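Each remark here refers to the structure printed beneath this line.
All figures in this text were calculated on a predicted structure; none of them were measured in a lab. Residue numbers start from 1 in every chain, and the chains themselves are labelled A, B, ... in the order their sequence lines are given, proteins ahead of strands.
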Protein chains: 2
Amino acid sequence: MQRPFPVVVGLNAAIVAVTGETPRVLTVERAEHALATARAMRRGPGRPWPALPFGPLDPAGDPTLERGLRGWVRRQAGLELGYVEQLYTFGDRDRESRGDARVLSVAYLALVRESAVSGAGEAQWRDVYSFLPWEDGREGGAEAPLRAIRARLEAFVAVAPDAAQRSARRERVDICFGWRGAARDPDRVLERYELLYEAGLVAEAHPGRSGPEDFGQPMAADHRRMLATALGRLRGKLRYRPVVFELLPDTFTLLRLQQVAEALAGARLHKQNFRRLVAAAGLVVGTGQRESGTGGRPAELFRFRRAVLRERRAPGVAAAR
Amino acid sequence: MQRPFPVVVGLNAAIVAVTGETPRVLTVERAEHALATARAMRRGPGRPWPALPFGPLDPAGDPTLERGLRGWVRRQAGLELGYVEQLYTFGDRDRESRGDARVLSVAYLALVRESAVSGAGEAQWRDVYSFLPWEDGREGGAEAPLRAIRARLEAFVAVAPDAAQRSARRERVDICFGWRGAARDPDRVLERYELLYEAGLVAEAHPGRSGPEDFGQPMAADHRRMLATALGRLRGKLRYRPVVFELLPDTFTLLRLQQVAEALAGARLHKQNFRRLVAAAGLVVGTGQRESGTGGRPAELFRFRRAVLRERRAPGVAAAR
DNA sequence: CTCATTATGCTCTCCGTGAGTATTACGCGA
DNA sequence: TCGCGTAATACTCACGGAGAGCATAATGAG
C-alpha cells in the first residue's frame with residue numbers, strides 16, 4: 001500500500017563535549033538541507049536561531065540509522081563520533097511546517113572528547129547552558145533566571161481556568177522545579193523545558209510575537225527540546241554507566257574528572273566524597289605519572305579501569321553530592 | 001528533494017500486563033497489515049511466529065505518533081491504553097525484507113491493568129518469559145536454559161577467530177550473564193538477547209535452518225528484540241518511577257504489589273524489607289479496608305499515594321532484594 | 001481447638017553517603 | 001629561603017537505607 005503522503009526521516013545529533021568547566025554542544029547556524037523549514041530559518045532580531053546539526057536518512061543507502069548519522073557528521077563536520085546513543089523519535093505533525101511531507105526526526109546523543117573540539121567547519125561549539133540557563137546550579141548562575149521563571153510560573157498557575165487545573169498546574173510546577181518543599185530531580189530537564197514551553201516562556205512557543213521575557217537562547221524548530229532530552233538522559237546515565245570517560249582523554253586527573261561530572265550534572269560535588277566514591281568503585285587506576293604546573297600540589301594521572309564493567313552492575317559517577 | 005525510495009513507518013507496541021504472578025504481553029498470530037513481511041509470516045513446524053501488535057502511521061492523519069498508536073490499538077484490540085512510553089526506533093535496512101520501501105518501526109511500551117486482560121479479539125496474552133525464559137530467575141525456572149546457554153556460549157567464545165576476539169567475547173558473555181564472578185545486571189535484557197542472536201542461539205538468527213537448540217519462543221521479524229527492550233526498560237524504570245501502579249487496580253494488598261514487582265524483576269524480593277521500603281518511601285497509604293478469603297490473615301488494602309511524587313525524586317519499588 | 005497460612009512488627013548489622021577536619025606537596029613572590 | 005596560596009590526599013564521624021532474621025497476630029480449614 002503506497003502512502004499518498006510521503007515520510008521524510010531526519011537524523012539529528014546533540015553532539016556534546018566538555019571544555020574546561022562548560023558543557024558544549026555543536027550547533028550550526030543555517031539549515032542548509034532538504035529538511036530545512038521556515039521555522040528552522042526563523043530569525044530573531046539578528047541572526048537565525050542555531051540548530052542542532054542534522055541530515056536526512058538515505059532510505060536506500062544507509063544500512064542503519066546510526067551509520068547514516070555517523071556518515072553525514074563525518075562528511076559535514078569532519079568529526080568521527082565515538083559514543084552514540086539513540087534518544088527519541090520526534091514525529092508530531094505540526095513540528096515542521098512542511099505541507100508536502102511528514103517529517104520524522106530521530107534524535108541521537110553523541111559524546112566527543114575535548115581534543116576534537118576545534119575545527120568543526122561552519123559549526124560552532126556553544127555552552128549548553130546558554131540554551132538551558134536554569135539547569136546550571138553550580139555558581140548560583142541559575143538563581144536569577146529561576147527567580148524570574150518562578151514569578152512567571154506563578155502567574156501561569158493563577159490563570160488556569162478552574163480550581164482543579166490550578167492545583168494540577170501547581171503540582172506540576174512544584175515537582176518540576178523542586179519548589180515548596182518538593183524534591184528537585186536534576187534529570188528532569190525535558191519536563192522543565194516542556195513546562196516552560198507550555199507556559200509560553202521560551203521563544204519557540206510563540207514564533208510570531210516576541211515574548212516579554214523568554215528564557216535561554218532559542219534554537220531552530222524543536223531542537224532545544226532535543227537538547228533537553230539529551231542533557232536529561234546524559235545526567236541519568238552518568239549515574240550508572242561510565243559515560244564520563246567518553247568525554248575525557250586517555251589519562252586525566254581526578255579534578256578533571258570531577259569538573260566534567262559537575263559540568264554535566266550542573267551541580268557542585270563534594271570533593272573528598274567524589275574521590276572516595278570513584279576510588280571505591282574501582283572506576284580508575286593511577287598511572288604513577290603526575291601532572292604539574294597547575295599551581296598546587298601535582299595531581300596523579302588516572303586512567304579508566306575497564307575491569308569495573310565486570311565487577312559493578314552500574315558503575316557511575318554522580319552519586320556523591 | 002523527493003526521495004526515490006519511500007519510507008513507511010510502523011508503530012509497534014509491547015503491551016504488558018501482570019496476571020497473578022506472570023507478566024504477559026499481547027501478541028497477534030498473523031501479520032495482517034501492509035507492514036506484513038515474508039519474515040513476519042514465517043512459520044515454524046506449525047503455527048506462524050507470534051508478533052507484537054502493530055499498525056502503520058498515517059502520515060497525513062495521525063497528529064502524533066503516540067495518538068496514532070493509541071488509535072489503532074483501540075480499533076483493533078478494543079483496548080484503551082493508559083501508560084505509554086516510546087522505547088526505540090528500529091530502522092536497520094535488512095530487518096524487513098521489503099524491496100520497495102524502507103521500513104522504520106517506532107516501538108512503544110504500554111502498561112495495562114489486569115482487569116483489561118480478557119477480550120482482546122484475536123490477540124492473545126502470552127507469558128513474557130516464554131519468549132525470554134532465561135530472564136525469569138524466580139523459581140530456578142531459568143536455571144536449565146541458563147546451563148544450556150552457558151555451554152553454547154562457551155563454544156561461541158571458543159570459535160572466535162583469534163585470541164583478542166576470544167577474550168572480547170569472553171568479557172561480553174561474562175558481563176551479560178554475570179558469570180565467572182561478574183555482576184549480573186537484571187536490566188540488561190536487550191544485551192543478553194542480542195548476544196544470543198549473534199551467537200545464533202535464537203531462531204530468528206537463522207530463519208532458514210532450524211537450529212539444533214534455540215532458546216525461547218521466537219517472534220516475528222525483530223519483535224523479540226522489541227520485547228527485550230521493553231522488559232529491560234521496565235525493570236529499570238521500576239526502580240525510580242512508580243510505574244508498578246499502572247499495572248494494579250486502584251486498591252491492592254502489599255502482597256499483590258510485591259508479586260507484580262517480582263514478576264517484572266524476575267526475582268524474589270525479601271518480604272519484610274519490601275514492605276518496609278514501600279512504607280518508608282510513602283508510596284502507599286492504607287485504606288483501612290481488609291481483604292479476606294485468601295487463606296490466612298486478611299491483608300489491608302492499600303492505595304497509591306500520589307503525594308510521593310512531590311517528596312521523592314525517584315520513587316520506585318524494586319530496590320529491596 | 002489446633003494447625004496451616006499469611007500479615008505484620010521489631011531488631012540488628014553493615015555499608016554507602018554526606019559532611020567536616022587535618023595534613024602533605026607543590027609553585028611563586030617577598 | 002621562608003611563607004603563603006593552591007591543590008591533593010588522609011581520616012573521622014554520624015546517619016540512614018538495605019539485607020537478613022526472629023517473633024507475633026489474625027484468619028480459615030479440618
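For B:Arg276, no side-chain nitrogen or oxygen approaches OP1 or OP2 of D:dA18 to under 4.0 Å. OP1 or OP2 of C:dT8 has not a single side-chain nitrogen or oxygen of B:Lys271 nearer than 4.0 Å. Between B:Arg297 and C:dT5 there is no side-chain polar atom (N or O) within less than 4.0 angstrom of OP1 or OP2.
Residues that satisfy the side chain to side chain donor-acceptor pair (under 3.5 Å) test with A:Arg303, not counting sequence neighbours, are A:Asp250.
Side-chain atoms of A:Arg275 lie closest to D:dA8 of the nucleotides C:dT8, D:dA8, D:dA20. Of the candidates C:dG18, C:dC26, C:dT6, the closest approach to any side-chain atom of A:Pro298 belongs to C:dC26.
The distance from atom CG of B:Leu283 to atom P of D:dG17 is 13 Å, rounded to the nearest whole Å. Going from atom CG of A:Asn273 over to atom P of D:dT12 covers 15 Å, rounded to whole Å. Following rounding to the nearest Å, B:Arg268 (CZ) and D:dA20 (C1') show an atom-to-atom distance of 18 Å. Atom P of nucleotide D:dG17 and atom CZ of B:Arg239 are separated by 18 Å, given to the nearest angstrom. The CG-P distance, from B:Leu254 to D:dA25, rounds to 20 Å in whole Å. One atom, CZ of B:Phe274, and another, C1' of D:dG17, lie 16 Å apart when rounded to the nearest Å. The distance from atom CZ of B:Phe302 to atom P of C:dA7 is 11 Å, rounded to the nearest whole Å. Taking atom NE2 on A:His270 and atom C1' on D:dT9, their separation rounds to 13 Å, with Å as the unit.
Considering CD1 of B:Ile175 and CD of A:Glu311, their distance stands at 10.0 Å, rounded to 0.5 Å.
When each of B:Arg312 and B:Arg290 is assigned the nucleotide of DNA chain D with its nearest heavy atom, B:Arg312 is the one assigned upstream, toward the 5' end.
More than 12 non-hydrogen atoms from other residues, nucleotides or ligands lie less than 6.0 angstrom from CZ of A:Arg184. Within 6.0 Å of atom CZ in A:Arg312, 12 or fewer heavy atoms from other residues, nucleotides or ligands are found, so the atom counts as exposed in its surroundings.
Among the heavy atoms of the strands lying under 4.0 Å from B:Gln272 is at least one base atom, whether or not backbone atoms are also near.
No close placement of the B:Phe252 and B:Phe304 rings is indicated, their centers lying 6.0 Å or farther apart.
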